[in-house]
Amino acid sequence: MLLKKKKLTAGQDIRFIGKGFPGFVKGQRYMVFLSYQNNLEILAKYNNTEVTVFEYLTETIN
């Protein structure tokens with residue numbers, strides 16, 4: 001299955017749709033995109049902490 005590549009810009013609000021990660025708070029799914037780490041991962045700010053997550057586990061907020 002091919003996933004459509006998103007175009008994210010620094011400061012854009014995104015929503016995490018994965019199961020979670022260390023420090024993740026259920027019900028607080030919103031984060032701010034900072035930069036691309038590599039082809040699959042992004043750096044985002046979540047609760048004043050920088051985290052690296054897979055891009056396909058996020059969705060953009062209009």
Side-chain angles (χ1 to χ4, degrees):
M1 179 171 103
L2 295 175
L3 298 173
K4 185 177 176 184
K5 185 76 173 164
K6 301 176 196 112
K7 294 276 187 172
L8 299 173
T9 57
Q12 185 173 3
D13 293 327
I14 55 177
R15 181 180 310 132
F16 184 73
I17 57 173
K19 287 188 176 186
F21 50 85
F24 179 74
V25 178
K26 192 175 183 179
Q28 288 183 304
R29 298 193 169 273
Y30 300 99
M31 50 181 62
V32 177
F33 173 77
L34 298 176
S35 66
Y36 286 98
Q37 288 291 87
N38 57 41
N39 214 17
L40 298 174
E41 297 176 326
I42 61 170
L43 182 65
K45 183 169 259 189
Y46 177 76
N47 286 342
N48 294 322
T49 305
E50 291 182 358
V51 295
T52 301
V53 296
F54 287 111
E55 180 184 9
Y56 66 86
L57 293 177
T58 64
E59 59 185 25
T60 58
I61 300 172
N62 293 340

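Side-chain atoms are counted along with the backbone in the values below, which use heavy atoms only and exclude waters and symmetry mates. Index from 1, following the sequence.
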Inset, instruction - Apply the test side-chain contact (heavy atoms from CB on, under 4.5 Å) to residues T58 and I17: give CA-CA distance (whole Å), side-chain angles for both, the deciding distance (0.1 Å), then the verdict. - result: CA-CA 5 Å; T58 64; I17 57 173; 5.8 Å; no
Measure from the side-chain N and O atoms of [X] to the backbone N and O of [Y], and report whether any donor-acceptor pair falls under 3.5 Å.
X	Y	value
Q12	T9	yes
N38	L40	yes
R29	F16	yes

Spell out, yes or no, whether [X] and [Y] are grouped together once hydrophobic residues are joined by side-chain heavy atoms under 4.5 Å, including indirect joins.
X	Y	result
M31	F24	yes
Y36	F54	yes
F21	L57	yes

Inset, instruction - For the pair K45 and E50, find out whether any cationic side-chain nitrogen is under 4.0 Å from an anionic carboxylate oxygen. - result: no
How far apart are the closest heavy atoms of [X] and [Y], and which atoms are they?
X	Y	value
L34	A10	O-CB, 3.7 Å
E55	N39	OE1-O, 4.3 Å
Y46	Y30	CD1-O, 3.5 Å

Inset, instruction - Show your reasoning for whether side-chain contact (heavy atoms from CB on, under 4.5 Å) applies to I42 and I14. - result: CA-CA 11 Å; I42 61 170; I14 55 177; 3.7 Å; yes
Legend entry - Atom pair OG1/CD of T52 and E41 - distance to nearest 0.5 Å: 6.0 Å
